[in-house]
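All chains are named by letter (A, B, ...) in the order of the sequence lines, taking the proteins before the strands, and each is independently numbered beginning at 1. These numbers come from a predicted model, not from an experiment.
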2 protein chains.
Amino acid sequence: MTSNHFLKNIYSEENFSKAEQEEIISYFKKTTIEKDTFLYKEGQYLDYFYILEKGFVRSYAIDFNGKEITTEFYSNHSIVIDWGSFFLKNPTQEFYQASVETICWKLNFDDFQKLFHSIKNFRENGRKTLTGNYVQMKNKNLLLITENAKERYLHLLKTRPEVIQNASLKHIATYLGITDTSLSRIRKEISL
Amino acid sequence: MTSNHFLKNIYSEENFSKAEQEEIISYFKKTTIEKDTFLYKEGQYLDYFYILEKGFVRSYAIDFNGKEITTEFYSNHSIVIDWGSFFLKNPTQEFYQASVETICWKLNFDDFQKLFHSIKNFRENGRKTLTGNYVQMKNKNLLLITENAKERYLHLLKTRPEVIQNASLKHIATYLGITDTSLSRIRKEISL
DNA sequence: TTTCGTTCTTGTCATTTGGAAAGAATAATA
DNA sequence: TATTATTCTTTCCAAATGACAAGAACGAAA
């Protein structure tokens with residue numbers, strides 16, 4: 001394990017002892033995901049999750065009309081997980097697809113459980129991560145209700161520029177809950 | 001502690017030993033909240049949460065135009081908590097108000113921590129609760145994007161009839177992300 | 001019961017957004 | 001370079017929803 005191992009940024013010495021850090025990291029397996037391949041597919045029970053070292057991943061659900069709705073974008077340092085599937089043992093309802101070749105670190109559920117129940121800092125950390133994801137989801141909700149299409153786009157542009165750079169117009173549009181036509185109009189309007 | 005203590009429904013013998021159950025329950029304090037009073041207010045740091053035995057609570061945020069946006073409704077057996085505030089130590093951005101006299105059970109953060117780190121089942125349970133809330137939020141998100149106003153209302157009517165019965169039209173409207181005018185029209189249309 | 005305040009309904013009109021389809025631009029491949 | 005596929009833009013029109021304001025219904029309190 002090199003001294004600048006990627007996961008040391010995630011499980012940092014600020015929050016973990018050296019011994020804890022090493023134990024935690026030892027359970028992760030480095031994986032490379034080819035462009036366009038899936039990390040998880042709808043119907044699958046997740047028994048592992050990933051942390052992204054480098055790459056870009058999009059998750060999407062299929063609505064009742066068969067249309068893809070982007071549910072999230074994941075970039076460097078993100079945890080790519082379906083919490084409901086991982087913890088509640090439900091099949092995921094989404095597809096998680098790498099848009100580019102993606103380097104990530106994989107941890108399976110049994111190892112996660114060992115760490116969770118034996119290392120206090122690990123469970124504090126996990127709780128923080130899930131809570132952070134919850135807060136993010138809640139904010140997205142509020143934005144959907146209080147802001148119009150243009151404002152939502154501008155907000156995304158400001159807070160997550162890497163999404164605008166990496167994702168296609170169509171994918172961004174469904175993420176924002178608008179059509180590609182509208183988003184195209186909005187972009188034009190902004191550029192004037 | 002009576003044998004049919006309310007909290008035994010929450011921390012049930014299915015998931016906890018008798019001893020665990022008793023210890024957990026011993027930390028909770030029964031509280032009655034008067035109609036129209038606040039459980040938490042914007043700006044406050046939560047260091048406790050409530051479980052609702054009986055009553056009805058609404059949480060709302062104030063948007064940039066000073067308008068109240070209902071963020072959640074809580075009824076019997078719900079946990080009333082701002083996860084972000086409780087775990088991440090941020091001030092809450094919402095108001096939590098009892099619509100009727102409400103009987104609930106209060107647990108403070110320090111006691112929560114003791115239980116969380118000492119009782120494996122308690123942390124599994126807490127993780128499930130937070131995850132459940134996350135999944136719920138995620139579903140609400142998807143509904144906001146994929147369904148129109150009428151469909152969202154019908155969905156709420158079907159899945160949470162107690163909300164329709166207890167909350168005012170205006171409060172339900174902002175929860176669904178529509179105006180009270182629209183909701184009134186939708187109700188008329190449905191009744192025809 | 002009368003008054004007052006709140007909530008809900010209704011009407012009119014404006015605005016936002018969507019749907020469908022065609023064309024332009026861009027990227028991918030032979 | 002020519003060809004094809006994909007993504008993005010644009011146009012026209014329709015549908016959904018919002019804003020505002022007036023009035024009706026309802027409930028609380030004097």
### Query
In terms of the angle between their ring planes, are B:Phe116 and A:Phe116 parallel, tilted or perpendicular, with boundaries placed at 30° and 60°?
perpendicular
### Task
Could you tell me whether B:Glu94 and A:Lys138 make a salt bridge, using a distance below 4.0 angstrom between a side-chain N and a carboxylate O?
yes
Taking the minimum atom-to-atom distance to the side chain of [X], which one of [options] wins?
X        : options                : result
A:Ser182 : D:dG18, C:dG18, D:dA16 : C:dG18
B:Arg185 : D:dT10, C:dT12, C:dC8  : C:dT12
B:Lys170 : C:dT7, C:dG18, C:dT12  : C:dT7

What is the distance from [atom1] of [X] to [atom2] of [N], rounded to the nearest Å?
X        : N      : atom1 : atom2 : result
B:Leu169 : C:dT6  : CG    : C1'   : 13 Å
B:Ile172 : C:dT9  : CD1   : P     : 11 Å
B:Lys35  : D:dA28 : NZ    : C1'   : 11 Å
B:Glu189 : C:dT10 : CD    : P     : 12 Å
B:Glu147 : D:dT17 : CD    : C1'   : 17 Å
A:Arg187 : C:dT26 : CZ    : C1'   : 14 Å
A:Glu151 : C:dT15 : CD    : P     : 16 Å
B:Ile186 : C:dT9  : CD1   : P     : 12 Å

Give one of base, sugar-phosphate or nothing for [X], where a contact means two heavy atoms less than 4.0 Å apart.
X        : answer
A:Ile178 : sugar-phosphate
B:Ser184 : base
B:Lys188 : sugar-phosphate

### Message
Under a 3.5 Å distance rule, please check whether A:Ser85 uses its side chain to pair with a backbone N or O of A:Asn90 as donor and acceptor.
### Response
yes
### Task
Please tell me which of A:Thr181 and A:Asn148 maps to the more 5' nucleotide of DNA chain C, matching each residue to the nucleotide holding its nearest heavy atom.
A:Asn148
### Message
Can you confirm whether the side chains of B:Asn76 and B:Glu53 place a donor and an acceptor under 3.5 Å from each other?
### Response
no
### Task
Say whether A:Tyr48 and A:Val57 are linked into one hydrophobic cluster, either directly or through other cluster members, by side-chain heavy-atom distances under 4.5 angstrom.
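Yes.
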